[in-house]
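Just so it is clear: chains get the letters A, B, ... in the order the sequence lines come, proteins before strands, and each one is counted from 1. Computed from a prediction, not measured in an experiment: that's the story for all the values here.
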Amino acid sequence: MIQMETKYKTVMCRDVDKRLHGKTVVMAGWVHQIRDLGGKKFVVVRDGSGLVQVTIAKDSSSKDVLEIAEQLTLESVVQVKGVVKEDPRAPRGAEIAPIEIKILNLAKKPLPLDVSGKVPADIDTRLRERVMDLRRREMRAVVKIGDTVLKVIREVLRQKGFVEVFTPKIIATATEGGANLFPVIYFGKEAFLAQSPQLYKELLAASLERVFEIGPAWRAEESDTPYHLAEFISIDVEAAFMDYEDVMKILEEVVYEVIKSVKQENEDDLHALNHSLPEISLPLPRVRYIDAVKMLRDKGVEIEIGEDLSATHLRLLNETLNTPLYFITEFPTKIRAFYTKPKDSDPIYSESFDLVWKHLELASGSSRIHLKEQLIKALNDRGLNAESFSYFIKWFDYGMPPHAGWGMGYARLMLMLTGRNSVKEVTLFPRDKKRLVP
RNA sequence: GCCGCGGUAGUAUAGCCCGGCUAUUAUGCGGGCCUGUCGAGCCCGUGACCCGGGUUCAAAUCCCGGCCGCGGCGCCA
């Protein structure tokens, strides 16, 4: 029972069951469905918790109730005062016999989208009419699974001594090159929206040892795929005195616990999504980049060593490995970001990894360079100007420990957990190349 | 940005290849019947061919351009 009586309601829809038989309650929500049988009228009301049936009998309900019931339209907001009746014929074994119905906001018709889910809508229509779309059962399931995910990630990381932090989202310089940034005007100066908390989280690890952040990042890329957004939520971890293998263990444990919890806590939601989650066991398989390339070559793929793996490559690799989740490790140093630590034994390759789900990169991480001279060299090797990173590099003179970390795309993880097709679907109000509203 | 496919009522669709008839069906909406529905049911009605140009006696259908969308690729630490 959700204990929260407010000005508008004494119970949530989900609370209405046979245990409340005979009790007078007040509930409020949206008209989800109206079934008029002539003598009986069933009005299904929905709120944030679920559905409840309000049964109006033409021979026994008051004239006022009957009059109001005639005016109801789908998705109108109503407040219903009534008596809970246990009845095996009702959907959940109990229903409400209304004493009074108030229309708090009458919805226009027709609706721009079918909330009940009888008629499917294109993703484009759904995003345009997103507020209606979010009222659908599937989308409530997506949001609830997301809530479990965030809760579990925080729990697991805190239990390992990580503290949650926030890094600045308006930054001074195009920090990492490569990705395109969104410029903003900051008190008359040019600034940018952060593409990643990378540099700041490293600085925080240098002070707080174990930190994580769940927050937005922005990239003004051409990327127009079901896996990219201009604005996305990134789950970032950074820890001092760890290397890439240490943080891989943390990552796989986070994902393992998330899958386990979603299975336990969101059974109904998974059912509503017609989705089931894979069985995984730890440790997850680890495939070195060089071995992945060999596997692809064995399949007849023309790929150069040193070339990055494309989605097509990952699809093929997934077929070969026959496992839903796996790590690819030790990428060539030159295709990773400048702060990635090369292997001491073989600097061509790096202490890096990607976590891959089927053909989708969920997360990527590495050991980081913690020595100033090495970092400057890495910047120079990539044609980046070390001077513009001076605010970052400076701190490497004052006790920068060895450290490692990873970043995971929240929406991509959600894709795996919900079985949806696009990160746009699991993001409430997605921002992509063409979409700025709603 | 490139390639492919598409754009038909509020929503989702059939028709397009092979031009011509009242543009199909579901859902929604309006009306009617019905006292236990739970995607209620049955009957009647309502509402649409993305925009511009071309071919043709005749265009939803064929051709050209545009706009928009979806998928793949590319781009993306």
Can you tell me the distance, in whole Å, between the [atom1] atom of [X] and the [atom2] atom of [N]?
X	N	atom1	atom2	answer
A:D133	B:A12	CG	P	11 Å
A:D432	B:C68	CG	C1'	13 Å
A:I56	B:U37	CD1	P	17 Å
A:R336	B:C76	CZ	C1'	13 Å
A:K434	B:G1	NZ	C1'	11 Å
A:E221	B:C75	CD	P	11 Å
A:E129	B:G69	CD	P	15 Å
A:I34	B:G39	CD1	C1'	15 Å

Minimum-distance nucleotide to [X] side chain [options: [options]]:
X	options	answer
A:I123	B:G72, B:G1, B:C70	B:C70
A:D124	B:G10, B:G74, B:G69	B:G69
A:A311	B:U37, B:U11, B:C73	B:C73

Taking pairing as Watson-Crick or G-U wobble with both contacts under 3.5 Å, can you name the mate of [N], or confirm there isn't one?
N	result
B:C73	B:G1
B:G39	none
B:G45	B:C29
B:G6	B:C68
B:C18	none
B:A23	none

Worksheet item: Would you say A:S350's side chain and A:F331's backbone share a donor-acceptor pair under 3.5 angstrom?
Response: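 Checked: pair present.
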Item to complete: Measure from the side-chain N and O atoms of A:H313 to the backbone N and O of A:S310, and report whether any donor-acceptor pair falls under 3.5 Å.
Response: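 Such a contact is found between A:H313 side chain and A:S310 backbone.
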Worksheet entry | Nearest atoms (heavy-atom pairs only) where A:M139 meets A:E425 |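 Nearest heavy atoms, A:M139 then A:E425: CE-O, 3.2 Å.
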If you compare every side-chain N and O of [X] against the phosphate oxygens of [N] (OP1, OP2), does one of them come in below 4.0 Å?
X	N	result
A:R92	B:C38	no
A:R315	B:C73	yes
A:T225	B:G74	no
A:R137	B:G39	no
A:T125	B:A12	yes

Worksheet item: Between A:D236 and A:S234, do the side chains contain an N or O donor and an N or O acceptor separated by less than 3.5 Å?
Response: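 Yes, A:S234 and A:D236 have a side-chain donor paired with an acceptor closer than 3.5 Å.
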Worksheet item: Do the side-chain N and O atoms of A:H403 and A:Y339 include a donor-acceptor pair separated by under 3.5 angstrom?
Response: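 Absent: no donor and acceptor within the cut-off.
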What interatomic distance, in whole Å, is found between [atom1] of [M] and the corresponding atom of [N]?
N	M	atom1	answer
B:G10	B:C29	C1'	9 Å
B:U24	B:C16	P	14 Å
B:C17	B:U22	C1'	25 Å
B:C50	B:G7	P	8 Å
B:A60	B:C51	P	11 Å
B:A59	B:C64	C1'	15 Å
B:C63	B:G72	C1'	27 Å
B:A9	B:C5	P	22 Å

Practice prompt. Starting at the 5' end of nucleotides 28-36 of chain B, put B wherever the base has a protein heavy atom under 4.0 Å, S where only the sugar-phosphate does, and a dash everywhere else.
Written response: SSS---BBB
Worksheet item: Quick one: does A:M295's side chain get under 4.5 Å of A:L321's, heavy atoms only?
Response: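 Side chain of A:M295 against side chain of A:L321, heavy atoms only: contact under 4.5 Å found.
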Fill in: Minimum side-chain heavy-atom gap A:L309-A:L296 below 4.5 Å
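When only atoms from C-beta onward are counted, A:L296 and A:L309 do touch, with a gap below 4.5 Å.
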Discussion item. The criterion is salt bridge (Lys or Arg N to Asp or Glu O under 4.0 Å); which residues satisfy it with A:D298, sequence neighbours excluded?
Written reply: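 Expected list: none.
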Practice prompt. Please tell me which of A:K424 and A:S116 maps to the more 5' nucleotide of RNA chain B, matching each residue to the nucleotide holding its nearest heavy atom.
Written response: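 Nearest-nucleotide comparison on RNA chain B picks A:S116.
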Worksheet entry | Residue whose closest nucleotide on RNA chain B lies nearer the 5' end, A:S422 versus A:E222 |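 Looking at the nearest nucleotide for each, A:S422 comes out on the 5' side.
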Applying a 4.0 Å non-hydrogen cut-off, can you work out what [X] is touching in the nucleic acid: base, sugar-phosphate, or nothing?
X	result
A:T312	sugar-phosphate
A:R435	sugar-phosphate
A:R382	nothing

Item to complete: Kindly indicate whether a cation-pi arrangement holds for A:R382 with A:F338, taking the cut-offs as under 6.0 Å to the six-membered ring centre and within 45° of the axis.
Response: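 Checked: cation-pi criterion not met.
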Practice prompt. State whether A:D224 and A:K433 are salt-bridged, where the test is any N-O pair (Lys NZ or Arg NE/NH1/NH2 against Asp/Glu carboxylate O) under 4.0 Å.
Written response: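 Here A:D224 does not pair with A:K433 in a salt bridge, since their nearest N and O are not under 4.0 Å apart.
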